[in-house]
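The next block holds one structure in the form of structure tokens; read it before the comments.
Counting begins at 1 with the first residue of the sequence. Just so you know, ligand 1 is whichever comes first in the structure, and atom 1 is the first atom listed for that ligand.
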Amino acid sequence: MSESEYILVTGGAGYIGSHTVIELVDNGYKPIIVDNLSNSSYDAVSRIEFIVDQHFPFFRIDLRDSSALTKIFEKYNISSVIHFAALKAVGESTKIPIDYYDNNINGTINLVKVMQKFNVKTIVFSSSATVYGDVTRFGDDRYIPIPEECPMDPTNPYGKTKYMIEQILKDVSNSDAGSDLKVAILRYFNPIGAHPSGLLGENPLGIPNNLLPYLAQVAIGKREKLSIFGNDYASHDGTPIRDYIHVIDLAKGHIAALNYLHKIGNSGLYREWNLGTGKGSTVFDVYLSFCKAVGRELPYEVVARRSGDVLDLTAKPDRANEELQWKAELGIDEACKDLWKWTTENPFGFQIDNYQWKEFSDDLNDRLHTFKIDNFKVGIINYGATIQNIQIGDQLLVCGFDNGSDYKSSSNPYFGANIGRFANRIKHGKFTLNGKKYQLSQNEGDKNCLHSGFNGFDKQNWYGPIVKFNDDKFKVDFKLIDKDGNDGFPGDLETILHYIIGYKFIEIEYESKLLNGESTIVNLTNHSYFNISNGDSIDDTEFELGTDQYLKVDDELIPTGEIASIGSAKFTLTSDKSFDNCFIVNENDDRIDTRSNELKQLVKASHKDSKITLIVSSTDPAFQLYSGDGINTDGFKKRSGFCVEPSRFLNAINQPNWSKQVILKKDETYGGKIKYEFK
Ligand code: NAD
Ligand code: UD1
């Protein structure tokens with residue numbers, strides 16, 4: 001495959017599709033996802049990006065929309081298609097068969113037409129073991145375990161759509177025009193489990209029909225007990241036998257099929273492969289395995305058989321084992337463990353009460369995420385992992401824009417942004433590390449490097465967020481990989497930013513690691529502009545600082561090395577007083593990871609016109625206090641907000657006795673914490 005070729009994944013936001021996209025990326029393929037999100041959420045896509053550390057194209061379209069689909073094929077060089085998109089609930093399909101035929105069959109016909117128009121010759125199709133129907137109908141065991149040659153006889157509309165699509169693809173491949181088409185029909189047995197990271201799994205919507213999703217809901221108390229549908233089958237414990245396959249193994253089967261099709265050159269092929277483990281497990285086997293993962297016995301009751309259920313559906317996976325060189329490696333114990341992790345960490349899947357997002361720019365990579373706890377509301381955008389809004393009742397407490405483009409304007413004074421890779425100034429953008437001289441972008445009047453130059457952490461879309469809610473707090477994680485050489489900084493740097501949002505407080509934790517190279521420099525902070533005055537100006541805000549010590553600076557705003565006192569740490573910010581100073585909290589802390597320190601109060605601010613007090617604390621040894629005199633942008637004037645930027649010492653890298661605070665070596669972790677509290 002060439003660099004510019006893409007794999008189109010239809011239904012890639014869904015359960016099996018999302019796991020397969022990760023495998024595609026891990027195997028060097030470039031995915032494009034098309035999904036109408038009818039049974040999934042964009043959050044799955046942003047979690048995939050978080051896991052694989054890259055953005056990729058996503059389109060929310062329905063496969064039956066020809067012109068939208070055509071546009072994607074026009075724009076991207078698509079070499080192959082993996083076709084997951086379908087409606088898949090057996091019971092539902094008996095109630096609304098036309099919807100199933102329309103969605104699954106017309107969606108596929110449309111897809112194949114567009115593929116033909118653009119000469120795309122490779123398709124991997126999600127079929128199902130359901131096409132075999134009841135294999136006990138032959139009266140003997142000749143098709144148990146089930147081989148691909150087993151005659152098909154689907155018993156419900158869903159299964160029939162799979163059967164019909166197989167026939168359609170076969171007919172196309174038998175036609176003259178389709179003779180060089182390569183079709184892999186993958187018949188899945190019972191997919192279970194979740195991604196071992198706990199970040200992806202089956203999104204639990206409504207009452208589940210399948211065994212494990214139901215059992216998971218019993219385990220978290222959403223359902224009272226499991227009904228076991230019959231224990232009078234001819235198995236070792238009387239319950240039916242199925243071939244449960246871990247979704248990760250299943251995802252890998254798609255890569256194996258794709259590689260196989262790519263290997264056979266230009267000749268056409270139509271072939272079916274069973275994807276199963278070859279090992280049958282009973283309902284009780286699965287029940288016991290899941291109870292083991294959960295660590296306790298779960299309530300159940302044996303009830304009558306479910307109509308349509310059969311004794312044994314176990315795959316004969318030999319064909320896939322031999323031809324695709326693929327074999328399922330994980331068992332039901334691993335699947336149950338991973339499912340339990342996914343369930344406990346995401347009990348409501350991607351639906352989290354009082355958390356919402358909407359598109360903030362014309363790009364889904366930049367969304368506005370809103371978190372609400374009673375009358376406390378926080379808005380965060382992907383661009384810069386920026387705090388866009390903090391609000392108590394109707395009172396706004398930080399400066400922020402209501403649209404994405406203002407954040408990208410050159411007059412944006414870093415509103416709410418997370419500053420990295422190096423906050424504040426570095427003299428003339430120069431430093432030496434391990435004997436090597438580095439020159440960073442000089443973006444402050446062609447002299448100093450300020451807040452990392454032209455393309456810092458504040459000007460990139462962060463991956464995520466991963467949002468979870470427990471103990472009355474939102475946990476919101478973003479991730480950024482800052483590339484080696486960006487603005488002159490050495491080494492690829494991974495930063496994970498954890499926001500914790502509770503009632504009237506926000507905590508930020510930074511965690512950075514070098515992905516390659518020997519060392520780099522790091523100094524991270526948040527640049528929110530607070531205004532607790534109830535008005536447009538911060539004048540008359542009363543301050544109590546945690547220290548009166550600050551670094552004296554020269555006329556280029558670089559420290560002279562001398563530490564001095566401002567006199568009193570308690571003052572009112574009158575209009576004749578300005579600050580852009582680095583205050584020193586701890587002169588002797590030279591560790592790169594300060595997270596084990598107690599949070600120390602840096603600033604307490606209040607205003608006579610409001611009833612709100614802000615307390616900023618941090619684990620870092622210094623902070624910059626800035627009275628916002630340089631603000632001059634749409635809707636905001638000079639001194640509409642003040643910043644408290646906890647950080648390392650200003651220009652620390654160029655002072656031998658401070659430089660250890662900011663030098664991050666291979667295998668070490670940079671860390672720091674900030675907390676904003678409102679009283
Ligand atoms: P899923 O519902 O999680 O994923 C299917 C995705 O396709 C969803 O994200 C949905 O929004 C999307 N989609 C549906 N119709 C669409 C349309 N017209 N246009 C665009 N997007 C559309 O289901 P899954 O479990 O991931 O299943 C994936 C495929 O595997 C399906 O074809 C299913 O029939 C097949 N399959 C699943 C199982 C199983 O047990 N999960 C078993 C055998 C086969
Ligand atoms: C069903 C679908 C199949 C689909 C598969 C995976 C049917 C006939 N088949 O298979 O097309 O590919 O899901 O999505 O619906 N069980 C209980 N209690 C429950 C749920 C299930 O005892 O609450 C038992 C069932 O009787 C069965 C086993 O667990 O023996 C597995 O059931 P399920 O997860 O629904 O999958 P299948 O029925 O095998």
Side-chain angles (χ1 to χ4, degrees), residues 9-20 33-42 44-45 59-65 68-69 82-94 99-100 102-108 110-111 125-134 154-156 158-159 161-162 165 186-192 201-203 205 207-215 217-218 223 225-231 233 235 239-245 247 250-251 254 275-276 281-287 300-303 305-313:
V9 184
T10 77
Y15 172 45
I16 304 170
S18 57
H19 290 82
T20 303
I33 295 183
V34 165
D35 200 302
N36 65 2
L37 302 181
S38 60
N39 193 40
S40 52
S41 160
Y42 182 79
V45 179
F59 298 92
R60 182 181 186 160
I61 63 158
D62 192 294
L63 277 190
R64 290 162 293 180
D65 181 345
L69 197 58
I82 305 183
H83 178 31
F84 293 102
L87 298 176
K88 63 156 183 178
V90 173
E92 188 185 58
S93 78
T94 62
D99 292 23
Y100 272 67
D102 180 28
N103 189 77
N104 296 3
I105 298 194
N106 285 335
T108 306
N110 210 23
L111 172 68
F125 172 63
S126 299
S127 188
S128 167
T130 197
V131 295
Y132 297 118
D134 178 2
T155 56
N156 54 69
Y158 161 69
T161 68
K162 293 290 165 188
I165 293 167
L186 303 182
R187 293 181 183 150
Y188 315 154
F189 280 68
N190 289 44
I192 56 167
E202 205 168 357
N203 202 16
L205 298 166
I207 306 173
N209 297 307
N210 296 120
L211 176 61
L212 271 164
Y214 199 98
L215 205 42
Q217 296 202 355
V218 173
R223 314 265 160 220
K225 61 182 171 210
L226 173 72
S227 297
I228 291 186
F229 300 138
N231 63 353
Y233 290 88
S235 68
T239 59
I241 301 164
R242 295 289 178 273
D243 187 336
Y244 296 93
I245 173 170
V247 64
L250 188 58
H254 293 76
L275 296 186
S281 307
T282 65
V283 176
F284 271 128
D285 292 337
V286 173
Y287 165 82
Y300 74 88
E301 180 187 16
V302 178
V303 300
R305 287 185 175 197
R306 180 171 70 177
S307 93
D309 276 353
V310 296
L311 167 66
D312 190 348
L313 290 174

Checklist outcome for this item: Under 4.0 Å between heavy atoms, the region of Val286 that gets near ligand 2 turns out to be neither
Item to check | Those atoms of ligand 1 less than 4.0 Å from some heavy atom in Ser127 | outcome: 43 (C), 44 (C)
Checklist outcome for this item: atom 2 (O) of ligand 1 has as its nearest protein heavy atom Asn39 ND2, 2.7 Å
Checklist entry - Nearest protein heavy atom to atom 34 (O) of ligand 2, by residue and atom, and its distance? => result Leu211 N, 2.9 Å
Checklist entry - Does the protein put any heavy atom within less than 4.0 Å of atom 24 (C) of ligand 2? => result yes
Item to check | Heavy-atom proximity to atom 3 (C) of ligand 2, best of Thr239, Val90, Val283, Val310 | outcome: Val90
Checklist entry - In terms of residue, atom name and distance, what is the protein heavy atom nearest to atom 30 (O) of ligand 1? => result Tyr188 CE1, 3.2 Å
Checklist entry - Looking only at heavy atoms, which two atoms of Ala13 and Val45 are closest? And how far apart? => result CB-CG2, 3.9 Å
Next on the checklist: Check for me whether Gly159 has a heavy atom closer than 4.0 Å to any atom of ligand 2.
Outcome noted: no
Checklist entry - Does Leu313 have a heavy atom less than 4.0 Å from any atom of ligand 2? => result no
Next on the checklist: Are Phe284 and Tyr300 an aromatic pair, judged by ring center distance below 6.0 Å?
Outcome noted: yes
Checklist entry - Given the rule in the side-chain hydrogen bond (donor to acceptor under 3.5 Å, both in side chains) test, do Ser41 and Asn203 qualify, once you have shown the distances and angles that lead to the verdict? => result CA-CA 8 Å; Ser41 160; Asn203 202 16; 5.4 Å; no
Checklist entry - Can you tell me the protein heavy atom closest to atom 36 (O) of ligand 2 and the distance? => result Asn190 ND2, 3.2 Å
Next on the checklist: List ligand 2 atoms under 4.0 Å from Asp309, heavy atoms only on the residue side.
Outcome noted: 25 (C), 26 (O), 38 (O)
Checklist entry - Taking C-beta and beyond as the side chain, do Ile207 and Tyr214 meet within less than 4.5 Å on heavy atoms? => result yes
Item to check | Numbered atoms of ligand 2 (with element) below 4.0 Å of Ile228, judged on heavy atoms | outcome: 22 (O)
Checklist entry - Can you tell me which residue and heavy atom of the protein come closest to atom 10 (C) of ligand 1, and the distance to 0.1 Å? => result Asp35 OD1, 3.4 Å
Checklist entry - Between Ile16 and ligand 1, does any nitrogen or oxygen pair lie at a separation below 3.5 Å? => result yes
Next on the checklist: side-chain hydrogen bond (donor to acceptor under 3.5 Å, both in side chains) for Tyr158 and Glu92? Distances and angles first, verdict last.
Outcome noted: CA-CA 8 Å; Tyr158 161 69; Glu92 188 185 58; over 6 Å; no
Next on the checklist: With heavy-atom distances below 4.0 Å as the criterion, list the atoms of ligand 2 near Ser128.
Outcome noted: 12 (O)
Checklist entry - Once you round to the nearest 0.5 Å, how far does CD1 of Ile192 lie from OG of Ser281? => result 7.5 Å
Checklist entry - Which one holds for Ala129 and ligand 1: side chain close, backbone close, both close, or neither close, with close meaning a heavy atom under 4.0 Å? => result neither
Item to check | Protein contact to atom 24 (P) of ligand 1 [nearest heavy atom, distance to 0.1 Å] | outcome: Lys88 NZ, 3.8 Å
Item to check | Nitrogen or oxygen of Ser38 less than 3.5 angstrom from that of ligand 1 | outcome: yes
Checklist entry - Between Phe189 and ligand 2, is there a nitrogen or oxygen pair with a distance under 3.5 Å? => result no
Item to check | Leu37 contact mode with ligand 1 (heavy-atom cut-off under 4.0 Å) | outcome: backbone
Item to check | Which residue and heavy atom of the protein sit nearest atom 18 (N) of ligand 2, plus the separation | outcome: Ser227 O, 2.7 Å
Checklist outcome for this item: Nearest non-hydrogen contact to atom 39 (C) of ligand 1 from the set Pro191, Gly12, Ser18 belongs to Pro191
Checklist entry - Does the pair Thr20 and Val9 meet the rule for a side chain to side chain contact (heavy atoms under 4.5 Å, CB included), with working shown? => result CA-CA 9 Å; Thr20 303; Val9 184; 5.7 Å; no
Checklist entry - Using heavy atoms and a threshold below 4.0 Å, how should the contact between Thr10 and ligand 1 be classified: side chain, backbone, both, or neither? => result neither
Item to check | Top protein contact for atom 17 (C) of ligand 1, by heavy-atom distance | outcome: Asn36 ND2, 3.2 Å
Item to check | Closest protein heavy atom to atom 19 (N) of ligand 1, given as residue, atom name and distance to 0.1 Å | outcome: Leu63 N, 3.0 Å
Next on the checklist: Polar contacts were defined as any N/O atom of the residue lying under 3.5 Å from an N/O atom of the ligand; does this apply to Lys162 and ligand 1?
Outcome noted: yes
Item to check | Closest approach of any protein heavy atom to atom 15 (N) of ligand 1, naming residue and atom | outcome: Asn103 ND2, 3.0 Å
Checklist entry - Between CG of Asn36 and CD1 of Ile61, what distance do you get to the nearest 0.5 Å? => result 9.0 Å
Checklist entry - Are any of the N/O atoms in His83 less than 3.5 Å from those in ligand 1? => result no
Next on the checklist: With nothing but distance in play, are any N or O atoms of Tyr158 less than 3.5 Å from an N or O of ligand 2?
Outcome noted: no
Item to check | Pairwise side-chain contact, Leu211 with Tyr244, heavy-atom cut-off 4.5 Å (strictly under) | outcome: yes
Checklist outcome for this item: Gly14 heavy atoms within 4.0 Å reach ligand 1 at atoms 3 (O), 4 (O), 9 (O), 26 (O)
Checklist entry - Hey, does Leu63 have a side-chain heavy atom less than 4.5 Å from the side chain of His83? => result yes
Checklist entry - Among Tyr100, Tyr158, Tyr15, Phe125, whose heavy atom sits nearest atom 33 (C) of ligand 1? => result Tyr158
Item to check | Ser126 side chain near Ile16 side chain, heavy-atom distance below 4.5 Å | outcome: no
Next on the checklist: Could you tell me, atom by atom, which parts of ligand 1 come under 4.0 Å of a heavy atom of Ser126?
Outcome noted: 29 (C), 30 (O), 32 (O), 35 (C)
Checklist entry - For atom 32 (O) of ligand 2, which candidate among Lys88, Arg306, Arg242 provides the closest heavy atom? => result Arg306
Item to check | Validation row: Pro154, Lys162 side chains within 4.5 angstrom (heavy atoms) | outcome: no
Next on the checklist: Using side-chain heavy atoms (C-beta onward) and a distance below 4.5 Å, is Leu313 in contact with Asp243?
Outcome noted: no
Checklist outcome for this item: So the atoms of ligand 1 within less than 4.0 Å of a heavy atom of Ile61 turn out to be 19 (N), 20 (C)
Item to check | Candidate pair Arg242 and Val286, rule side chain to side chain contact (heavy atoms under 4.5 Å, CB included), full reasoning | outcome: CA-CA 10 Å; Arg242 295 289 178 273; Val286 173; over 6 Å; no
Checklist outcome for this item: The option among Phe229, Tyr244, Tyr287 carrying the non-hydrogen atom nearest to atom 31 (C) of ligand 2 is Tyr244
Checklist entry - Phe84 vs Tyr188 aromatic rings, parallel, tilted or perpendicular, using cut-offs 30° and 60°? => result tilted
Item to check | Result of checking Asn106, Asn110, Asn103 against Arg64 for side chain to side chain donor-acceptor pair (under 3.5 Å) | outcome: Asn103
Item to check | Close N or O approach (Phe189, ligand 1; < 3.5 Å) | outcome: no
Item to check | Side-chain touch Asp285/Thr282, heavy atoms, less than 4.5 angstrom | outcome: yes
Item to check | Distance from atom 1 (C) of ligand 2 to nearest protein heavy atom, with residue and atom | outcome: Asn210 ND2, 3.7 Å
Next on the checklist: Can you confirm whether Phe125 sits close enough to Leu186 that some side-chain heavy atom of one is under 4.5 Å from a side-chain heavy atom of the other?
Outcome noted: no
Next on the checklist: Can you name the atoms of ligand 2, numbered from 1 with element, that are less than 4.0 Å from a heavy atom of Asn209?
Outcome noted: 20 (C), 35 (O)
Next on the checklist: To check your reading of the model: name the closest protein heavy atom to atom 31 (C) of ligand 1, its residue, and the distance in Å.
Outcome noted: Phe84 O, 3.0 Å
